[in-house]
Colleague: 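Quick one: the structure is below, questions incoming.
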Amino acid sequence: MFAFSERLKKLPPYLFVELDRLKAEAKARGVDVIDLGVGDPDLPTPEHIVQAAVEAVKKPENHHYPSSVGMRAFREAAARWMERRFGVSLDPDREVVTLIGSKEGIAHFPLAFVNPGDVVLVPTPSYPVYHIGTLFAGGETYYLPLLAENRFLPDLESIPADVLSRAKILWLNYPNNPTAAVADLDFFSRVVDFARKHGLIVAHDAAYTELYFDDFKPPSILQVDGAKDVAIEFHSLSKTYCMTGWRIAFAVGNEELISGLTKVKNNVDSGAFQAVQEAGIAALSGDQKCVEEFRQIFKERRDVVVEGLKELSFELDPPKATFYVWARVPEGYTSADFCAKLLQEAGIVVTPGNGFGDPGEGFFRIALTVDKDRLKEALARIGDLKF
Ligand SMILES: *Cc1c(COP(=O)(O)O)cnc(C)c1O
C-alpha cells in the first residue's frame, strides 16, 4: 500500500543479506560457524574509556540535548590528536565537527554539496555508503575501479572530461576497506593537485589509519600542503579504539566543507550523547598503549591468515594496514561460488569481493575479527577442501 520512494527503490541489495540467510541456515543445521564476514572487532573497548563513560553518564549536565557540532572539549581533543599523530593543525571551532559515527557524516556530507545531476566519483570496490549518500542527495555516481595492477588506487586520468566537468566530490579511503591497500603522501599530493585543477572536493574516509603493521604509518591527506583548500577527512574511533557500538567519530579539514556538513546535521540530528563524547575524549587524549596492543593482536592474526593462505596456494598481498585480508579466489570459481562453498562445506563466512563492487569479482575478504585459534581452525577447514 505504501510504495517506497524512488531513492529507496534504487538502493543496491544490502551486501550481507544473502550471506546472513546462508549463515542462519548453516547454524540451524548445527554447524559451528566461523564468521570472518563483518568488520566489527571482537575485542572490548579499553577499560579507561568505559570508566570515563560511566562517570560521564552520571552527570546531569550530560542528560540534555548536545549540540550537533559536538562539545568544544571533544573537538579540542580531536584537534590535538590530529596534531600529535599527523602534525596537522586544526581550529577546533571551525575545522572540526563531531559525528555520530563516521557513517553518519559520510552519508550526510553529499546533502551539503551535491545537487541533482552532479557527479560524485566513488571508488569500487568500496564501502557502500559513498554511493548511497550520493543517491540520497540526488547525485550520480561515477565509479572509479580499484585494480590490483594499480595497487588499488584509482586512475584519475581515466575519468572522461564530460564526467569531470560535472563532478563535485571525489571519495577516497586509505587504508582501504575492502582491499586493505594503502596510499602514501605522494598519491595524496597528486590527488590534491588534481582536485584543485578540476574544482573537486576530496572526501577522505580515514577510518583505518591507526590499524597499521610493520613499518608503514598511514598518512592523513591533510599533511599535504594546501589540502585544507579542497579536503575533508573522516576519522572514526570505531576501529582505532574498538568502539563500533558507541557511535563516535569526527570530520576535519576545510572550513566551508565542515560548515556545510554541520548545517545538515543541525537540521537532522542533535549530536552525540555527551557521555559518549567524554568517552571519546578519554580515548583520544589518554594513553595510546591500548591502540598499540590492538595493532599487535591484529598483526598476529594477519600473519596467521597470510601464512596459512599462502601455504594453501592462495594469491594475496600481505596487508600493511586494516583488519582485512583481500585474496583471490581459486581458479575456476566466482567470488559467490567460492564463498558459498566455504560456508556450506566448511562453515566459514567470508565476504565475496564483488559484493563491494564489480571489480571485486574474483576476490574474497576475510575480517580478522576472531582470535588466532579460530583463525587456525578456519585455515585447517579450508585446507581440507578440494578446489
Ligand atoms: C568501519 C568503517 C567506517 C567507520 O564507521 P563508523 O560509522 O565510524 O563506525 C567508515 N568507513 C569504512 C570504510 C569502514 O570500514
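In this text the structure is predicted, and so the values were computed from the model without any measurement. Counting starts at 1 for both ligands and their atoms, in listed order.
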Colleague: For ligand 1, which atoms, with element, lie under 4.0 Å from some heavy atom of Arg247?
Modeller: 6 (P), 7 (O), 9 (O)
Colleague: Minimum distance, heavy atoms only, to atom 5 (O) of ligand 1: which one of Gly101, Pro128, Ser102 is it?
Modeller: Ser102
Colleague: Salt bridge check, Glu300 against Lys372: does any charged N sit closer than 4.0 Å to a carboxylate O?
Modeller: yes
Colleague: So if I count the atoms of ligand 1 from 1 in the order they appear, which ones are less than 4.0 Å from some heavy atom of Lys103?
Modeller: 6 (P), 7 (O)
Colleague: Relative to the heavy atoms of Tyr130, which atoms of ligand 1 are at a distance of less than 4.0 Å?
Modeller: 13 (C)
Colleague: Using a 4.5 Å cut-off on heavy atoms from C-beta on, say whether the side chain of Leu237 contacts that of Phe250.
Modeller: yes
Colleague: Just which atoms of ligand 1 are under 4.0 Å from any heavy atom in Ala207?
Modeller: 3 (C), 10 (C), 11 (N)
Colleague: To the nearest 0.5 Å, what is the distance between CZ on Phe273 and NE2 on His64?
Modeller: 11.0 Å
Colleague: Under a 4.0 angstrom heavy-atom cut-off, which atoms of ligand 1 come close to Ser236?
Modeller: 4 (C), 6 (P), 8 (O)
Colleague: Under 4.0 Å, heavy atoms only, figure out whether ligand 1 is touched by the backbone of Phe234, its side chain, both or neither.
Modeller: neither
Colleague: Determine the interplanar angle of the Phe364 and Phe338 rings, folded into 0 to 90°, and report it as parallel if under 30°, tilted if 30 to 60°, perpendicular if over 60°.
Modeller: tilted
Colleague: Salt bridge or not for Asp371 and Lys376, using N-O below 4.0 Å?
Modeller: no
Colleague: Which bit of Asn173 is near ligand 1, meaning a heavy atom under 4.0 Å away: side chain, backbone, both or neither?
Modeller: side chain
Colleague: Could you list which atoms of ligand 1 come closer than 4.0 Å to a heavy atom of Lys239?
Modeller: 1 (C), 2 (C), 3 (C), 4 (C), 14 (C), 15 (O)
Colleague: Both conditions, 6.0 Å and 45 degrees, for the charged tip of Arg295 above the ring of Tyr212: are they met here?
Modeller: yes
Colleague: Nearest to atom 15 (O) of ligand 1, what protein heavy atom do you find, and at what distance?
Modeller: Tyr208 OH, 2.7 Å
Colleague: Is there a donor-acceptor contact under 3.5 Å from the side chain of Asn176 to the main chain of Thr179?
Modeller: yes
Colleague: Compare Asp205, Ile100, Asp40 and give the one whose heavy atom is closest to atom 12 (C) of ligand 1.
Modeller: Asp205
Colleague: With heavy-atom distances below 4.0 Å as the criterion, list the atoms of ligand 1 near Ser238.
Modeller: 6 (P), 8 (O), 9 (O)
Colleague: Which class fits the ring pair Tyr208 and Phe323: parallel under 30°, tilted 30 to 60°, perpendicular over 60°?
Modeller: perpendicular
